Amino acid sequence: MQIATWNVNSVRARLERVLPWLEARRPDVVCLQEIKCQDEQFPREPFEDLGYQIALWGQKTYNGVAILSRRRIEGVVRGLVGDGEGSEARAIACQIDDFLLLNLYVVNGEKVGSEKYAKKLGWLERLERTVAERFPSSERIVLCGDFNITFDDRDVYDPAAWHEKILCSTPEREALGRVMRLGLHDALRKFDQRPGVYTWWDFRTKGFERGQGLRIDHFLLSESALAACRGVEVDLEARGGPKPSDHAPVLATF
DNA sequence: ATGGTGGGTTCCCCA
């Protein structure tokens with residue numbers, strides 16, 4: 001079983017990259033973030049034609065998350081504990097086989113100390129409550145998506161330049177750490193301890209062309225899921241070529 | 001220190 005996560009930065013704008021990629025890689029499950037469309041605007045047919053069921057929580061213009069699965073999707077839950085009417089579409093959960101899956105698009109936070117930064121920390125607190133209440137660590141838990149947080153300097157191309165900047169600040173890392181402490185493990189680090197594994201590169205600075213990226217897309221697994229995990233791979237090829245997303249897909253094999 | 005690009009919307013926001 002292979003599960004992928006990919007911030008596609010608009011599913012409609014990315015169709016010509018995502019569909020051939022699905023045909024080539026054929027992952028069983030794909031968690032998409034930033035689909036940037038409402039439910040009724042989601043291009044269902046081409047995915048269904050490839051054999052995928054779809055669970056989604058769309059939103060106009062911003063955010064939006066979707067789960068594609070070749071295996072039966074059960075028990076779909078949108079949002080986090082404490083989400084109200086009008087909450088942003090940033091989280092969707094379901095069960096597939098014996099995996100409890102939570103697909104996340106964490107608030108970016110813009111700038112340390114900003115209003116959006118405070119919102120990010122508040123959202124992460126609700127993520128912590130959600131995992132504590134709905135994702136018992138005794139189960140096979142898979143949290144994946146765009147966390148918009150690096151774990152440590154190995155995830156950052158220029159740690160000095162990014163020191164205490166957004167995506168790298170101590171309060172963000174500690175907030176994510178409190179989620180991890182509920183019994184989750186950073187799956188990539190089971191297989192690769194080296195610095196320089198990145199999943200996102202800024203368009204504006206031509207980050208990918210310069211090899212300047214950050215690792216902010218993660219697979220966080222409970223103990224039993226981690227034990228079943230056989231590998232985690234970033235597909236760099238998908239970040240190159242015409243009209244790419246600014247994120248590469250990450251695949252976990254079980 | 002600033003702005004660069006890219007996506008979606010609507011005359012600008014978000015990343």
Side-chain angles (χ1 to χ4, degrees), chain A residues 5-21 30-44 46-47 56-66 83 86-92 103-124 127 144-150 155-158 160-169 171-173 175-176 198-218 234-250:
Chain A
T5 180
W6 197 358
N7 180 325
V8 290
N9 187 19
S10 170
V11 68
R12 291 175 295 174
R14 213 63 57 213
L15 264 191
E16 288 184 11
R17 295 299 308 267
V18 175
L19 293 173
W21 186 83
V30 187
C31 293
L32 301 177
Q33 304 88 36
E34 278 204 275
I35 61 172
K36 290 187 171 180
C37 66
Q38 293 167 297
D39 290 9
E40 57 272 22
Q41 300 173 311
F42 190 91
R44 301 187 76 96
F47 295 106
L56 75 154
W57 188 17
Q59 183 185 323
K60 190 180 176 184
T61 312
Y62 306 121
N63 313 314
V65 284
D83 264 349
S87 288
E88 295 181 332
R90 295 180 174 275
I92 187 167
N103 174 21
L104 299 168
Y105 174 48
V106 176
V107 177
N108 173 283
E110 192 201 8
K111 196 171 189 287
V112 173
S114 70
E115 245 174 69
K116 288 173 190 165
Y117 184 74
K119 182 176 122 184
K120 180 179 199 172
L121 296 179
W123 195 90
L124 288 165
L127 173 61
C144 67
D146 176 1
F147 286 79
N148 272 317
I149 303 172
T150 55
D155 300 339
V156 183
Y157 71 90
D158 185 347
W162 284 82
H163 180 70
E164 294 300 336
K165 295 286 198 299
I166 194 68
L167 315 181
C168 302
S169 72
E172 294 168 76
R173 288 177 174 174
L176 181 56
Y198 307 134
T199 65
W200 171 83
W201 300 259
D202 200 331
F203 284 131
R204 291 170 286 195
T205 53
K206 303 222 179 305
F208 188 67
E209 293 83 342
R210 297 171 193 229
Q212 301 180 338
L214 302 178
R215 189 172 71 96
I216 56 176
D217 300 86
H218 306 297
V234 181
D235 187 352
L236 294 176
E237 216 174 289
R239 179 60 177 79
K243 285 202 152 277
S245 168
D246 47 353
H247 294 251
V250 185

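In what follows, chains are A, B, ... by sequence order, proteins preceding strands, each numbered from 1. Because the structure is predicted, anything quoted here is derived from the model rather than measured.
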* To do: List for me each residue that meets salt bridge (Lys or Arg N to Asp or Glu O under 4.0 Å) alongside A/Asp246, sequence neighbours excluded, and say none if there are none.
  => none
* Listed partners of A/Arg44 passing side chain to side chain donor-acceptor pair (under 3.5 Å), at least two apart -> A/Glu48
* What residues, two or more places apart in sequence or in another chain, satisfy side chain to side chain contact (heavy atoms under 4.5 Å, CB included) together with A/Thr61? -> none
* Could you pull out all residues at least two apart from A/Phe47 that satisfy ring pair (Phe, Tyr, Trp, His ring centres under 6.0 Å)? => A/Phe42
* Provide the full list of side chain to side chain donor-acceptor pair (under 3.5 Å) pairs with a residue in residues 106-117 of chain A, sequence neighbours left out, each pair given once. => A/Tyr117-A/Ser169
* To do: Write down the distance separating the P atoms in B/dT9 and B/dG4, rounded off to the nearest Å.
  => 23 Å
* Sequence-aligned protein contact record of nucleotides 5-15 of chain B, with B where the base is within under 4.0 Å of a protein heavy atom and S where only the sugar-phosphate is -> BSBSS---BSB
* Using the P atoms only, state how far B/dT10 lies from B/dG6, rounded to an integer number of Å. => 22 Å
* To do: Pick the C1' atom in B/dA1 and in B/dC11, then give their distance to the nearest Å.
  => 28 Å
